[in-house]
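When reading the values below, keep in mind they use all heavy atoms of this one structure, side chains included, and skip hydrogens, waters and symmetry mates. The sequence lines fix the lettering, A, B, ..., with proteins before strands; numbering per chain opens at 1.
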2 protein chains.
Amino acid sequence: MATIQDVAKAAGVSAMTVSNVINGHPNVRPATRERVLEAVDRLGYRVNVAARNLRRGRTGTLCLAVPEINRPYYGRLAASIIAAAARHGLRVSIEQTGARRENELAALSLSRNRLYDGLILSTAGMGPADVEALDVDHPVVILGERIFGGPVDHVAMPNEAASEAATRHLVERGCRRIAIVCGPLGGEVDVSSLRHAGYLRALAAAGLPADPELVVTTRSLTMQEAARRVRERMAEGLAFDGVFCVTDTVAMGVLRALADAGVRVPEQVRVIGFDNVDESAYLVPSLSSVDPDHDLMAERAVTLLAARIDRSGPGPEREEFTGPFRLVVRESTGG
Amino acid sequence: MATIQDVAKAAGVSAMTVSNVINGHPNVRPATRERVLEAVDRLGYRVNVAARNLRRGRTGTLCLAVPEINRPYYGRLAASIIAAAARHGLRVSIEQTGARRENELAALSLSRNRLYDGLILSTAGMGPADVEALDVDHPVVILGERIFGGPVDHVAMPNEAASEAATRHLVERGCRRIAIVCGPLGGEVDVSSLRHAGYLRALAAAGLPADPELVVTTRSLTMQEAARRVRERMAEGLAFDGVFCVTDTVAMGVLRALADAGVRVPEQVRVIGFDNVDESAYLVPSLSSVDPDHDLMAERAVTLLAARIDRSGPGPEREEFTGPFRLVVRESTGG
DNA sequence: TGGCAGATTTTTATCGATACAACCGAGTCT
DNA sequence: AGACTCGGTTGTATCGATAAAAATCTGCCA
C-alpha cells in the first residue's frame, strides 16, 4: 500500500505538498497539483485514515448506541442520524446495547477511548442514578429520553405532551376504558414512565377514572412481549375500548393479539401508537400514531454533538431540546 | 487526556510495560501489573485507538454497506452482523448507499482508505459490469446477491431455489394465476431477476403458463412503490389468486393494496414474501415467508472476512456460500 | 539591479502506541 | 565459581500524516 512518501517521491515533491493537494489547501500551483494527482492515481494511493486521525486528534466518526438496530424505530432513527451526520462530514458507527445498563455504560467508555469523536446515546436501561457517569469531557448527546438535571445535552421526545394528545384523541373518539401497554414502570424516568404520565394526565383531564387494571406492563418493548401480555390479560377478562401503545412496535403486537381474540379494530377497540414508523401506514388496519419528526431530532442531535466536538472543552451551556410532534390519524382509531 | 507515557511515569515504569499490561501480555510481574493498573485508574487513562490502529495497521472496524438501514430486512441483517462481528472482536460501522451504484462503489473505495479492515457489501445497484472494481487487495464480502464470476467472496441468498419453493407452495395451495411483485428486471443479476427466475421455474414445473401480465415491477423495493403499483395494475383489471413478493417489505405494501381493494387474504388471494423479518409474524394476516437464516449468513460473512483480514494478501480461494432456507407458512397462504 | 511582499514548497517535530531487540538480574547447572 | 537460562523490563525506531515554522521562489517596483 503506497504511502504519502511514495507519492511525494514519484511526483518529485515533498510529502507536505502531497498532503496539501489531497486536502485541497490553497497555494499549490496548478502544475504541481496535476503532477501530484497523476502520481496519486498511478500509485493508487489512499490516505491512511488511522495516521490522519492520530495526527489530527479526531476520528471523524461518531457512535450511535441503540438498544437494538433491529427495531423499526431505531432503524428509522439510525437512518436519519447517518444522513444528518453525513451532512456534517461525519461517519456513524452503531453499537447495540440490548437495552442493558452495563452496555450503555460501556458505550460511554468507548467514546472515551477516543474511538469516536462523540456519542449519541439512546438510553433505555440507564437510570438517573447513572447520570454521574456522564460528566465526561467527551461530547455526548442523550437522545429520546429525558433525564432530569443530567450534565449532558438532551434531545428529548415530547413524551408526556404527545402521549396526552394521543390518549385524548382516543377519548374524543368515544373511548371510555382506555388501556395502556408499556414497559415496566419502575419509577425511573424512562420512556414508559413518561408516556404513562401523559396517559394519566389525559384521563384526568377527561374526568375518566385511572383504573390500574388497564395498565398492561411488559418486560420489554417488543412485539412478542406485547402480544403475549395482552393475550394474557384479555384471557383474564380485561375489557377496554381503546389502547394507547407506547411504541408502534408494541402496537403491532397488540394489533396481532386483538386479531387473535377476534376483536375488530377500530369498531370494538381503537388503537394508537407512538413513533410513526414507516410500517404503520401500511398495516391493516393502518395504525394511528404520534409522529415526533425524527429527521428534525436527528439533525438537532448531530448539530449539538458537532458543536461540542468543534469547540472541545466545556463549551456552551447544556442544552435540552424537546422535539415537536403531530398526531397522524389512520384507520386504527376509526374514521 | 493522559497518554501511555503519563501512566508510565506515574507508575515508575516504561511505556512498554504499560502497554504490556494493557494488552494482557504475559511476563509482567503481578506487583508491577498492580502498580500500572492503579496508575491507569488514577489518571483515568484510555488507550488512544487512533495511535494503536496506526501502529498495528488495523482498525478493528468493518463496514457494512446497505441500501437503507431503515428497512426491516437490513435492520435484521445489521443486527446479526454486529453480533457476529462482536464475537470476532470487531466493530461495525454502517454506510447507507441508497441502492445507488455510485455510493456502493464509494463504499468500496472507503474500505481502501483503510478506514475499515474489511467491507460487507449488500449490493443492490451494482451490476456484474462493476465486478472489475472489486479486484481489490482489500477484504470484501458481497452479501445477499450473487454476481457470477466475481473475484470476491460471496455469501448468497438461496434466491432461485427459495423463490421456486415459495411459488410452488402457492401452487400447492391451489393458486393458478400467480403474480410476482419485484423490482425492475433489467437483465442484471440482481435480487429481483434471480427470484423472478425461481418463480418462472416453479410455474414451468407446475405446467402453468407464464403470463407476462402477472409480473408487476416496481421502481424500488419499498412498501410505497409496491402498494402503488399493485393498486394501479388491479385498477387496470389484473386478476390473480396468488402473489409471490420478492421481499417481505414489498409484501407489506401488497397486503395493504389488497386490503384497499377489499380483497380478502388468503381466501381470495394468497400472499407469500421473502426474508421472514420479525414483523411478518405479527401482521394481520400474518405473512408466510422464506426464512433464509440470517444469523448463519451473517456469521458466515463475518468469518470469511475475518479470515481474509488475518492472512492479508491473496489468501484462500474465493468462496461462494449459499445459505439454506426454510418456508414459514402462516395465515397469508391459508390454513 | 537590489529588495520586498506574497505565493509555494520544504523541513522539522509530533501525534501515541507498540514491535523488536537488547538488557538485567536471579536462579540453575556442572 | 562461572557460564547459562529465562522471566521481566526498557530503549529505540517506526507506523503515516500533518501543523507550524522555515526556506525558497516569483514577480514587481523603485
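No engagement by A/V18 is indicated, since no non-hydrogen atom pair under 4.0 Å with the nucleic acid exists.
The two residues A/P292 and A/M297 come nearest to each other via the heavy atoms O-SD, 3.6 Å. The two residues A/V47 and A/I22 have their closest heavy-atom pair at CG1-CG2, 3.9 Å. Shortest non-hydrogen contact noted between B/V66 and B/S122 is CG1-CB, 4.1 Å.
The distance from atom NE2 of A/H25 to atom P of C/dA7 is 16 Å, rounded to the nearest whole Å. The nearest whole Å value for the distance from the CG atom in A/N53 to the P atom in D/dA19 is 13 Å. Across the protein-nucleic acid pair, B/E34 atom CD and D/dG8 atom P stand 15 Å apart, rounded to whole Å.
OP1 or OP2 of C/dT11 has not a single side-chain nitrogen or oxygen of A/S14 nearer than 4.0 Å.
By the 4.0 Å N-to-carboxylate-O rule, A/R300 lies close enough to A/E319 to be salt-bridged with it.
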Which atoms of nucleotides 16-18 of chain C (N or O only) lie under 3.5 Å from a protein N or O atom, and what are those distances?
residue: C/dG16; atom: N2; partner: B/A51; partner atom: O; Å: 3.4
residue: C/dA17; atom: OP1; partner: B/Y45; partner atom: OH; Å: 2.3
residue: C/dA17; atom: OP1; partner: B/N48; partner atom: N; Å: 3.2
residue: C/dA17; atom: OP2; partner: B/I4; partner atom: N; Å: 2.4
residue: C/dT18; atom: OP1; partner: B/R52; partner atom: NE; Å: 2.6
residue: C/dT18; atom: OP1; partner: B/R52; partner atom: NH2; Å: 3.3
residue: C/dT18; atom: OP1; partner: B/R56; partner atom: NH2; Å: 3.4
residue: C/dT18; atom: OP2; partner: B/S19; partner atom: OG; Å: 2.9
residue: C/dT18; atom: OP2; partner: B/N23; partner atom: ND2; Å: 3.3
residue: C/dT18; atom: O2; partner: B/R55; partner atom: NH1; Å: 2.8

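A/Y73 has its ring centre less than 6.0 Å from the ring centre of A/H294.
If you check the side chains of A/D117 and A/T59, you find a donor sitting under 3.5 Å from an acceptor.
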